[in-house]
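Report on the structure given below.
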Amino acid sequence: MSTPLISVVDDDASVRAATENLMKSRGYIVQTFASAEDFLRSPRLNETSCVISDLQMPVMSGLDLLAEMRARGHGVPFIFITAFPNDRVRASALDAGAIGFLAKPFAGHTLIECLDAALQENRDGGHT
């Protein structure tokens, strides 16, 4: 089995760097993007095993990104992270098909546990 490619989408450079470092320390291949639009233009979009995305971003939100990916036929699992968690936002994210929802700041092991579950689901057939 090849090493999973994890895509991190967040407009906060410090969050992208910290998440990238955490993922790389676990042996994953990581690509980072400052916006959903940048991610959608990635030549490696089809290789992504999991997307870790901020919910609140300018222009295109994380939920909009998930909807666009599903519309394009990509069933890749999504983990949402946000600095503005509340029950309504959590419900919206999970109802849209996200496998995880984490409030910033989050513990690294919590993200790893969520990522492990997402990758397992992706191996088992994932979302459609």
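Distance check, rounded to the nearest 0.5 Å: CD1 of I112 to CE of M23 gives 3.5 Å. The SG atom of C50 sits 5.0 Å away from atom CG of L115, with the distance rounded to the nearest 0.5 Å. The distance from atom CZ of F80 to atom CD of Q56, rounded to the nearest 0.5 Å, is 10.0 Å. Atom CD1 of I79 is separated from atom OG1 of T110 by 11.0 Å, given to the nearest 0.5 angstrom. The line from CZ of F33 to CG of D11 is 14.5 Å long, rounded to the nearest 0.5 Å.
Within the 4.5 Å cutoff, the side chain of E20 has no heavy atoms near those of the V8 side chain. Side-chain contact between L45 and R72 is present, with at least one heavy-atom pair separated by less than 4.5 Å.
Under the side chain to side chain contact (heavy atoms under 4.5 Å, CB included) rule, I52 has a single partner from L102, L22, T19, which is T19.
Within the 3.5 Å criterion, the main-chain N or O of A17 finds a donor-acceptor partner in the side chain of N21. In this structure, R70 contributes its side chain and A96 its backbone to no donor-acceptor pair below 3.5 Å. Although no hydrogens or angles enter the test, the distance criterion places a donor-acceptor pair under 3.5 Å between the side chain of R16 and the main chain of D10.
Counting heavy atoms of neighbouring residues, nucleotides and ligands inside a 6.0 Å radius, atom NZ of K104 exceeds 12 of them. Environment of CG in N86: crowded, with over 12 heavy atoms of neighbouring residues, nucleotides or ligands closer than 6.0 Å.
Considering every non-hydrogen atom in both A98 and L66, the closest pair reads N-CD2, 4.1 Å. When all heavy atoms are compared, the tightest approach of A36 to M60 is CB-SD, 3.5 Å.
Contact check on D87 versus R90 returns no salt bridge, with no Lys/Arg side-chain nitrogen under 4.0 Å from an Asp/Glu carboxylate oxygen.
For R26, there are no side chain to side chain donor-acceptor pair (under 3.5 Å) partners, not counting sequence neighbours.
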